Enquirer: 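Dropping the structure in here first, questions after.
Nothing here was measured: the structure is a model prediction, and the numbers come from that model.
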Amino acid sequence: MSVTPEEKFQTDLLHELEPVVEKELNRHLTMAKEWFPHQYVPWSEGRDFDGPLDGEPWSIEHSKVTPEARESLIVNLLTEDNLPGYHRAIATVYGREGAWGTWVNRWTAEENRHGIVIRDYLTVTRAVDPVALERARMRHMEAGYEADHGDSILHGSAYVSFQELATRVSHRNTGKASGDPICEQMMARVAADENLHMIFYRNLMAAALDAAPNETMRAITDVVKAFQMPGHSIDGFLRKSVVIANAGIYDLRLHHDDVLTPVLRKWGVFDRTDLTGDGDKAREELAEFMDQLDAAATKFEDRREERRARQAARKG
């Protein structure tokens, strides 16, 4: 069975980067703090729902989180729910052997806690309609998950470097916007996990840049230009994302300033002197795209402020 040049490149890169993965895995295990989802849920607030237990049906009046945070919590949870798809995708890229496989399983186990704790909190506090939430979960998971860049190790690793940080920002800001100190504490705990995951992938990509600078630079640019959150296939995602952006939970400015820029700066992509050919071209494309994104973020912020001013004037 013949092996394509791309397959050989990926196999060689996996072997070359395995010592880095082992080092980063060990670092992660020393930094990760054990925590228990049940300790972040106010169980005393729980009561039976309608159905077989003949409890009280859910009503919007039961929810004490803000409307914007409610939309964000739904998106965040449905995103976490698709973990089986993410596990399959990342295991396909990294494999199940050695340090790579150990990381895949550890990452999956940690990510699973996020869905557990968020769902328990939402159900116990009656923050969202549990029937609508379950129906949305079924539709979202039935749609499955396919990575935007196939089984490319460089594209996949670049994507999760940004995506984990984006999720951290979204979780943290959702908690802050919720109006509930318990929710904020829970989301801060989840965000801390996401930050450690981001560091793992970010450091892995830094090593990949040294090992294969041109190919890695192309992957970074491709991912940044086509980036979308893993929950983009959720029903009503566009509408929900607009609500989330207007609330300042996650918007273009945060994406540019707090997600893309710090990771790119950490990698030193605009200071590297080892890029040639397509790698150099990819960096030029990236710089141009970042300028365009910055301008779009400013335009969005200006329009949001104008809307808020009009709303304040009407109320006044």
Side-chain angles (χ1 to χ4, degrees), residues 10 13-37 40 75-119 140-141 144-172 186-208 216 219-220 223 227-232 259 263 266-267:
Q10 295 230 130
L13 193 60
L14 279 168
H15 288 308
E16 184 172 354
L17 293 177
E18 180 147 18
V20 178
V21 173
E22 186 171 2
K23 174 188 171 186
E24 291 303 316
L25 172 63
N26 290 334
R27 180 202 55 77
H28 176 83
L29 294 175
T30 62
M31 295 182 68
K33 292 182 172 61
E34 183 181 44
W35 63 278
F36 304 97
Y40 288 80
V75 169
N76 290 353
L77 176 55
L78 293 178
T79 299
E80 298 285 359
D81 276 332
N82 240 359
L83 181 60
Y86 310 147
H87 174 84
R88 184 192 73 247
I90 199 170
T92 299
V93 173
Y94 290 163
R96 299 181 177 88
E97 304 299 324
W100 289 102
T102 301
W103 167 255
V104 169
N105 291 334
R106 173 73 189 201
W107 174 86
T108 302
E110 291 185 3
E111 286 287 343
N112 195 38
R113 285 193 297 223
H114 304 165
I116 291 170
V117 73
I118 297 173
R119 170 168 285 99
H140 185 48
M141 292 193 71
Y145 174 77
E146 294 296 332
D148 289 340
H149 301 282
D151 60 359
S152 164
I153 179 178
L154 290 175
H155 287 78
S157 299
Y159 177 76
V160 287
S161 297
F162 298 116
Q163 180 267 321
E164 293 282 3
L165 183 51
T167 306
R168 185 199 85 180
V169 171
S170 177
H171 282 332
R172 195 77 177 88
M186 172 189 68
M187 297 305 284
R189 178 56 264 180
V190 171
D193 276 3
E194 306 289 13
N195 193 58
L196 288 182
H197 297 163
M198 177 275 294
I199 293 172
F200 176 95
Y201 293 121
R202 186 192 67 192
N203 292 352
L204 173 62
M205 281 298 288
T216 305
I220 291 169
V223 166
F227 185 88
Q228 54 185 354
M229 293 294 270
H232 65 87
V259 176
V263 175
K266 187 72 175 179
W267 289 332

Enquirer: Output yes when a side-chain donor or acceptor of S170 lies under 3.5 Å from a complementary backbone atom of A166, and no otherwise.
Expert: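 Pair absent, no side-chain N/O of S170 close to backbone of A166.
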
Enquirer: Report yes or no: do H171 and E80 form a side-chain donor-acceptor pair below 3.5 Å?
Expert: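 Yes, because at least one side-chain N or O of H171 sits under 3.5 Å from a partner of the opposite role on E80.
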
Enquirer: Is there a donor-acceptor contact under 3.5 Å from the side chain of Q10 to the main chain of I153?
Expert: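 Yes.
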
Enquirer: Taking the side chain from W100 and the backbone from L14, do they hold a donor-acceptor pair closer than 3.5 Å?
Expert: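 Flag set: sc W100 to bb L14 pair under 3.5 Å.
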
Enquirer: Checking side-chain polar atoms at under 3.5 Å, does E110 have a donor or acceptor matched by the opposite partner on H28?
Expert: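 Yes, H28 and E110 have a side-chain donor paired with an acceptor closer than 3.5 Å.
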
Enquirer: If I compare all heavy atoms of W267 with all of M205, which pair ends up nearest, and what's the gap?
Expert: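 For W267 and M205, the tightest heavy-atom pair comes out as CZ2-CB, 3.3 Å.
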
Enquirer: Is it true that a side-chain atom of E18 and a backbone atom of A99 form a donor plus acceptor pair closer than 3.5 Å?
Expert: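 Confirmed, E18 side chain pairs with A99 backbone.
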
Enquirer: CG of D81 to CG of N76: how many Å apart, nearest 0.5 Å?
Expert: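 Taking CG in D81 and CG in N76, the distance rounds to 11.0 Å.
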
Enquirer: Please find the pair of heavy atoms, one from V117 and one from M186, that lie closest to each other, and give the distance.
Expert: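 Residues V117 and M186, closest heavy atoms: O-SD, 3.6 Å.
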
Enquirer: Is M229 close to T79 at the side-chain level, that is, under 4.5 Å between some pair of heavy atoms?
Expert: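 A side-chain contact is absent here, since even the closest heavy-atom pair is not under 4.5 Å.
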
Enquirer: Can you see which heavy atom on V223 is nearest to which on A158, and at what distance?
Expert: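 So the two residues come closest at CG2-CB, 4.0 Å.
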
Enquirer: Would you kindly say whether W107 and E164 are connected by a side-chain donor-acceptor distance under 3.5 Å?
Expert: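 Yes, E164 and W107 have a side-chain donor paired with an acceptor closer than 3.5 Å.
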
Enquirer: Determine which pairs satisfy side chain to side chain donor-acceptor pair (under 3.5 Å) with at least one residue from residues 84-99, sequence neighbours left out, and list them in order.
Expert: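 Residue pairs passing side chain to side chain donor-acceptor pair (under 3.5 Å), neighbours aside: H87-T108, R88-E146, Y94-S157.
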
Enquirer: So Q228 and D148, do their side chains get closer than 4.5 Å, heavy atoms only?
Expert: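 Contact flag for D148/Q228 side chains = yes.
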
Enquirer: Does E16 reach the main-chain N or O of A208 with its side chain, forming a donor-acceptor pair under 3.5 Å?
Expert: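 The answer is no, because no donor-acceptor pair under 3.5 Å joins these two groups.
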
Enquirer: If you measure only the distance, is there a donor-acceptor pair under 3.5 Å linking the side chains of H114 and D193?
Expert: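 Yes, side-chain donor-acceptor contact under 3.5 Å.
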
Enquirer: Which heavy atom of P37 sits nearest a heavy atom of I116, and at what distance?
Expert: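 Nearest pair, atom of P37 first, then I116: CB-CG2, 3.9 Å.
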
